[in-house]
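Encoded as structure tokens, the structure appears first; notes follow it.
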Amino acid sequence: MSTLITNIAELMTQDMEHRVLKDAAVVIDGERIEWIGAASDAPAADDAMDAGGRAVLPGWVDSHTHLVFAGDRSAEFEARMAGESYSAGGIAVTMDATRRTSDYDLTRLAMGRVAEAVSQGTTYLETKTGYGLDTEHEARSARIASTVADEVTYLGAHLVPAGADADAYTELVCGPMLDAVRPYVRWADVFCEEGAFTAEQARHVLQACRDAGLGIRVHGNQLGEGPGVQLAVELGAASVDHVNYLSDGDVAALAGSWSGWESGAGARGTVATCLPACDLSTRQPLAPGRKLLDAGVQLALASNCNPGTSYTSSMAFCVATAVLQMQLTVHEAVRAATYGGALALHREAGNDADGQRAVGSLAVGHRADLHVLNAPSASHLAYRPGMPLTYAVWRAGVRAR
Ligand SMILES: N=CN[C@@H](CCC(=O)O)C(=O)O
Ligand SMILES: [Zn+2]
């Protein structure tokens, strides 16, 4: 069954040539994109939709969320708005609420959050464990996550639970807990920050998880300059996320990891994932996205949806903030929220060794993940911030909104 979507005023492909087509059309067939080009050249299809002069872009790829949780931390948020600063300790509050919640309710809550994200144009989504923090509850979170998200990350190393010895807990994360989550996850992550895990503990976790066949990523440099970025680059992590406080050496290390990549002469590097909604909600300085891009670093934008630091799954909000406050162009911000997320998850074009279709860009053969805006161009995402601009969504070729 094929569908022609025509009368597209602006088609932002985010493909390798960065093409933006005017008066365009797309044909999707099953879960894949069959054809892209000028509306006047479009082939016939079984079905047709007139986009009415609207803009189309790839569905958002949200490469960093924490959706498997229960409970509410609005009091912590209010205290922060009154001047308190964020610290990792709040994670324990969510851990308690999450452990007390049944499988059924935890699944229902996570599914509801995914549905909210999809209704706003997100078509590919990663989520993490990290609110279980013992073997039983981390495995349960990983299992539930694997039923609701496209990609699952093991974040047993989110916080050392109260009363536990940090090194003994790290051993648990690298041993029995890793074995228990392994069937459900593709990635591992560690919160490498003061109050969470030291560089040495983080290295141990990342190496053990890599040895177990997982891809790795790091929460780093969120609350101050720290070892997270350097560790991520050294170990070849797919991404380092937050990146608020960076030394010149950190920026250089990230840029160096991408040298030669675009010309095909170098290997992939470590994506810097900026989380602007989190930065606003924690009153941290926004990550230096402009500086990173100018240095040659590949950037992702993600929501970091979680109850502590960023209780929103709105990628449009992240894009608007990146344009209005981080000095990215609209094209750069949309690219970071689509192609950049795919790059951070090793799901971009040309990286489909396991048979999955590429996401995050629109080209023939890629997964049919399309986001139709109720606007004639993507610039309206920043020009009309906060407006409900999602008009239609296709996720793997299925109309999701
Ligand atoms: N920084 C570490 N983890 C989450 C916050 C978790 C929480 O406070 O519940 C984050 O990415 O911001
Ligand atoms: Zn996070």
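One-based numbering, in listed order, for ligands and for the atoms of each. The shown structure was predicted, so the numbers you read here are calculated from the model rather than taken from an experiment.
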Only to 10 degrees, please: what angle do the NE2 atom of H64 and the NE2 atom of H219 make about the Zn ion (ligand 2)? 90°
What closest approach, in Å, do Y339 and Q14 show between heavy atoms, and which atom pair accounts for it? CD1-O, 4.0 Å
D179: salt bridge (Lys or Arg N to Asp or Glu O under 4.0 Å) partners, not counting sequence neighbours: none
Using a cut-off of under 3.5 Å, which N/O atoms of ligand 1 pair up with protein N/O atoms, and what distance separates each pair?
{"unit_1": "ligand 1", "atom_1": "1 (N)", "unit_2": "Q222", "atom_2": "OE1", "d": "2.7"}
{"unit_1": "ligand 1", "atom_1": "3 (N)", "unit_2": "H158", "atom_2": "NE2", "d": "2.8"}
{"unit_1": "ligand 1", "atom_1": "8 (O)", "unit_2": "R73", "atom_2": "NH2", "d": "2.9"}
{"unit_1": "ligand 1", "atom_1": "8 (O)", "unit_2": "Y86", "atom_2": "OH", "d": "2.5"}
{"unit_1": "ligand 1", "atom_1": "9 (O)", "unit_2": "R73", "atom_2": "NH1", "d": "2.6"}
{"unit_1": "ligand 1", "atom_1": "9 (O)", "unit_2": "R73", "atom_2": "NH2", "d": "3.4"}
{"unit_1": "ligand 1", "atom_1": "9 (O)", "unit_2": "Y131", "atom_2": "OH", "d": "2.6"}
{"unit_1": "ligand 1", "atom_1": "11 (O)", "unit_2": "H66", "atom_2": "NE2", "d": "3.4"}
{"unit_1": "ligand 1", "atom_1": "11 (O)", "unit_2": "H219", "atom_2": "NE2", "d": "3.0"}
{"unit_1": "ligand 1", "atom_1": "11 (O)", "unit_2": "H242", "atom_2": "NE2", "d": "2.9"}
{"unit_1": "ligand 1", "atom_1": "11 (O)", "unit_2": "N304", "atom_2": "OD1", "d": "3.1"}
{"unit_1": "ligand 1", "atom_1": "11 (O)", "unit_2": "N304", "atom_2": "ND2", "d": "3.1"}
{"unit_1": "ligand 1", "atom_1": "12 (O)", "unit_2": "N304", "atom_2": "ND2", "d": "3.0"}
{"unit_1": "ligand 1", "atom_1": "12 (O)", "unit_2": "T309", "atom_2": "OG1", "d": "2.7"}

I'd like to know if the Zn ion (ligand 2) has an N/O/S atom from N304 within less than 2.8 Å of it, counting both backbone and side-chain atoms. yes
Should the pair R113 and F69 be classed as cation-pi, given the thresholds of under 6.0 Å to the six-membered ring centre and 45° from the axis? yes
For residues W187 and H64, establish whether the separation of their ring centroids is below 6.0 Å. no
Electrostatic pair R99-E136, nearest N-O below 4.0 angstrom: no
Mind listing the closest non-hydrogen atom pair of T122 and S313 along with its distance? OG1-O, 4.4 Å
Using 2.8 Å as a strict upper limit, say whether an N, O or S atom of H66 approaches the Zn ion (ligand 2) that closely. yes
From R357, R395, R367, residue fulfilling salt bridge (charged side-chain N to carboxylate O under 4.0 Å, His left out) relative to E31: R357
